[in-house]
Amino acid sequence: MSESAAGSLTHDELLALKYVALDGGLTGTVTVSCSGLGDRLDASTQTASRRLQALEAGGYLDRERVADGQLVSVTDGGEQALRSEYADYRQLFESPTELTLTGTVTTGMGEGKHYISLPGYERQFDSRLGYTPFPGTLNVELDTASIHARADLPGQASVPIDSWEDDDRTYGAATCYPATVERDGRAFEPAHIIVPDRTHHDEENLELIAPIKLRDELDLDDGEMLAIHVAEAELK
């Protein structure tokens, strides 16, 4: 699975991002004083400035210098980082709940057929998922609410798929999330959301695998809406 947005931030950077969001930067632009932020971080003005610079460089904040400080707003990437952190705390303090994501069927780039069928992956799918996937993935473009809800995905039940290599190259790891796919009251399982460690997809898109061709099984065309019910994680 690709590294989460929150996971690529240091603790201090995440804390600075949280303070900007609490001041209103999540919903608009706010004026931030480095000295004031430094006081809240128990750090120097220079350190607070470096935190903001790092957040901007990482794509978590937009900022503009003005006479009395800096105009700062949280980007979509920053919001995703905060939502990922929130999902972690939900795992700690709330009972697990089923996650449902909704979106529309879309045509992918055709790479799934190749990678799903590679022997190093196929062996793991068979032993860990209990089936050999149809050679291809079903691509889903998530709606706005589900893009945000996707931050809860790492807290759901999952199956790791390890990296492996052959004579030519190394193939990356992935994480599979057990799911039921539903359209117009018709449902199919087993299916899995597959999230590769390295992927060209953004947070708006999901790939699904199953032992059959989901498009045919559920009579799906591009643009049609479906729901993906992700299995709950077990309490440990």
Side-chain angles (χ1 to χ4, degrees), residues 1-5 7 76 80 83-84 87 98-164 169-183 186-231 233:
M1 183 180 67
S2 58
E3 184 178 37
S4 70
D76 289 344
Q80 181 64 31
R83 287 184 176 276
S84 294
E98 181 184 84
L99 173 65
T100 295
L101 303 173
T102 55
T104 55
V105 177
T106 185
T107 298
M109 300 177 65
E111 295 181 348
K113 180 177 182 178
H114 169 68
Y115 286 102
I116 294 299
S117 301
L118 291 173
Y121 289 130
E122 203 169 64
R123 286 192 295 268
Q124 294 185 70
F125 292 143
D126 185 58
S127 64
R128 299 182 183 184
L129 305 185
Y131 63 83
T132 299
F134 172 83
T137 60
L138 179 69
N139 291 265
V140 179
E141 183 175 335
L142 298 175
D143 56 31
T144 301
S146 292
I147 293 172
H148 296 317
R150 180 182 175 144
D152 292 341
L153 189 58
Q156 305 304 113
S158 64
V159 180
I161 301 298
D162 299 330
S163 62
W164 59 282
R169 57 170 289 188
T170 298
Y171 296 88
T175 304
C176 291
Y177 297 90
T180 301
V181 185
E182 181 182 2
R183 173 185 178 258
R186 297 173 58 193
F188 180 85
E189 61 176 324
H192 288 79
I193 298 170
I194 183 167
V195 183
D197 276 11
R198 300 192 297 266
T199 178
H200 61 270
H201 287 307
D202 54 29
E203 296 299 318
E204 299 178 358
N205 295 282
L206 286 180
E207 291 183 281
L208 293 163
I209 58 174
I212 48 79
K213 187 175 182 180
L214 288 168
R215 275 184 179 267
D216 291 348
E217 178 69 20
L218 297 175
D219 194 23
L220 295 168
D221 292 318
D222 280 1
E224 292 187 322
M225 180 73 68
L226 52 74
I228 305 154
H229 307 289
V230 188

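Quick note: residue numbers are just sequence positions, from 1.
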Engineer: Search all heavy atoms of A191 against all heavy atoms of V181 and return the closest pair with its distance.
Structural biologist: CB-CG2, 3.9 Å
Engineer: Hey, what do you get for OG (S158) to CD1 (I194), rounding to the nearest 0.5 Å?
Structural biologist: 12.5 Å
Engineer: Working note: V140 + L101, criterion side chain to side chain contact (heavy atoms under 4.5 Å, CB included); need CA distance, chi angles, decisive distance, verdict.
Structural biologist: CA-CA 10 Å; V140 179; L101 303 173; over 6 Å; no
Engineer: Are side-chain heavy atoms of D76 and I147 found at a separation under 4.5 Å?
Structural biologist: no
Engineer: State, to 0.1 Å, how close L99 and D152 come at their nearest heavy-atom pair, and which atoms those are.
Structural biologist: CD2-C, 4.1 Å
Engineer: To the nearest 0.5 Å, what is the distance between CG (L206) and OG (S146)?
Structural biologist: 8.5 Å
Engineer: What residues form a side chain to side chain contact (heavy atoms under 4.5 Å, CB included) with E224, not counting sequence neighbours?
Structural biologist: R183, L220, D221
Engineer: What is the distance from atom CD1 of I193 to atom OG1 of T175, rounded to the nearest 0.5 Å?
Structural biologist: 11.5 Å
Engineer: Could you tell me which non-hydrogen atom of R128 sits nearest to which non-hydrogen atom of P160, and how far apart they are?
Structural biologist: NH1-O, 2.8 Å
Engineer: With sequence neighbours left out, write down each residue that passes side chain to side chain contact (heavy atoms under 4.5 Å, CB included) with S127, or none if nothing qualifies.
Structural biologist: none
Engineer: Looking only at non-hydrogen atoms, find the nearest pair between I209 and G136 and report the distance.
Structural biologist: CG2-O, 4.4 Å
Engineer: Taking Q124 for the side chain and D162 for the main chain, is one N or O donor matched with an acceptor at less than 3.5 Å?
Structural biologist: yes
Engineer: Is it true that a side-chain atom of E204 and a backbone atom of E141 form a donor plus acceptor pair closer than 3.5 Å?
Structural biologist: no
Engineer: For the atom pair OG1 (T137) and OH (Y115), what is the distance rounded to the nearest 0.5 Å?
Structural biologist: 12.0 Å
Engineer: Kindly compute the distance separating CG (L142) from OG1 (T102), expressed to the nearest 0.5 Å.
Structural biologist: 7.5 Å
Engineer: Which heavy atom of A157 sits nearest a heavy atom of P178, and at what distance?
Structural biologist: O-CD, 3.3 Å
Engineer: I161 versus H192: any side-chain heavy-atom pair under 4.5 Å?
Structural biologist: no
Engineer: Please report the shortest heavy-atom distance between E189 and T180, naming the atom on each side.
Structural biologist: OE1-OG1, 3.5 Å
Engineer: For N139, is there any backbone N or O sitting under 3.5 Å from a side-chain donor or acceptor partner on T106?
Structural biologist: no
Engineer: Are the charged groups of D222 and R215 less than 4.0 angstrom apart, N to O?
Structural biologist: yes
Engineer: Which residue pairs satisfy the ring-ring contact (aromatic ring centres under 6.0 Å, His included) criterion with at least one member in residues 145-164, sequence neighbours excluded?
Structural biologist: Y121-W164, W164-Y171
Engineer: Side chains of F125 and I116: closer than 4.5 Å at any heavy-atom pair?
Structural biologist: yes
